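What follows is a single structure, written as structure tokens, with notes after it.
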Amino acid sequence: TDITGQRQAEAAIRLSEEKYNQIFKTCPVSMSLSDYQTAKLVDVNDVFLNTYEYTAPEVIGKSASDPTTFNLPNPLLKLTSTAIFVKAKA
């Protein structure tokens, strides 16, 4: 059985994931990746962590829509990060 097409598709997916990860991690603005259904943070970039002074373990798995997730000193201050919602893999 010829699996050349399958291997090419897998290589293309890997390359796409690598490019996405590089963009996400090196983006100069605060970014977060959240689960589409639960709004729980799946990943954040370093700018997000530095801007809001959190560590990844403090925010990953927390709900981005829950106002108690981020203890901000000024209630008028809103998170201004770019949110990317994705469906969780089945």
Side-chain angles (χ1 to χ4, degrees):
T1 303
D2 184 13
I3 60 169
T4 304
Q6 180 181 348
R7 288 199 175 152
Q8 288 174 339
E10 290 170 354
I13 290 171
R14 272 194 305 279
L15 180 61
S16 177
E17 288 174 346
E18 289 170 7
K19 285 180 180 180
Y20 161 79
N21 192 46
Q22 183 179 6
I23 291 167
F24 184 79
K25 293 297 183 184
T26 61
C27 183
V29 298
S30 176
M31 293 182 69
S32 62
L33 178 67
S34 301
D35 180 270
Y36 180 77
Q37 292 179 330
T38 65
K40 289 186 179 180
L41 294 173
V42 177
D43 199 3
V44 294
N45 68 357
D46 288 339
V47 177
F48 180 100
L49 297 174
N50 293 332
T51 300
Y52 302 111
E53 298 179 348
Y54 284 100
T55 63
E58 289 175 314
V59 295
I60 301 301
K62 304 288 195 242
S63 175
S65 63
D66 182 353
T68 64
T69 296
F70 301 99
N71 185 18
L72 300 173
N74 181 345
L76 299 177
L77 182 63
K78 302 280 185 188
L79 294 179
T80 57
S81 63
T82 301
I84 302 171
F85 292 94
V86 296
K87 287 189 176 182
K89 292 182 181 179

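Keep in mind that the numbers below use all heavy atoms, side chains included, and drop hydrogens, waters and symmetry copies. Since the model is a prediction, treat every value here as computed from it, not as a measurement. In what follows, residues are counted from 1 in the order of the sequence shown.
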Taking all heavy atoms of [X] and all of [Y], pick out the closest pair and write down the distance.
| X | Y | value |
| --- | --- | --- |
| V44 | I60 | N-CD1, 4.0 Å |
| M31 | F48 | O-CB, 3.7 Å |
| T38 | S63 | O-OG, 4.0 Å |

Please list, chain by chain and in numerical order, all residues satisfying side-chain hydrogen bond (donor to acceptor under 3.5 Å, both in side chains) with E18, sequence neighbours excluded.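 Partners of E18 under the side-chain hydrogen bond (donor to acceptor under 3.5 Å, both in side chains) test: none.
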
Straight-line distance of Y54 OH to L41 CG, nearest 0.5 Å: 11.0 Å

What distance do E10 atom CD and R7 atom CZ have between them, rounded to the nearest 0.5 Å? 8.0 Å

Are the side chain of D35 and the backbone of V42 linked by a donor-acceptor contact shorter than 3.5 Å?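 Checking the backbone N and O of V42 against the side chain of D35, no donor-acceptor pair under 3.5 Å is found.
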
Using a 3.5 Å distance criterion without hydrogens, assess whether the side chain of Q6 forms a donor-acceptor pair with backbone atoms of I3. no

Using side-chain contact (heavy atoms from CB on, under 4.5 Å) as the criterion, list what pairs up with T26, not counting sequence neighbours. Q22

What residue pairs, at least two apart or across chains, pass salt bridge (Lys or Arg N to Asp or Glu O under 4.0 Å) with a residue in residues 42-56?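 Found K25-D43.
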
Kindly work out whether a path of hydrophobic side-chain contacts (I/L/V/M/F/W/Y, heavy atoms less than 4.5 Å apart) joins V47 to I23.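 No, no single cluster joins them.
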
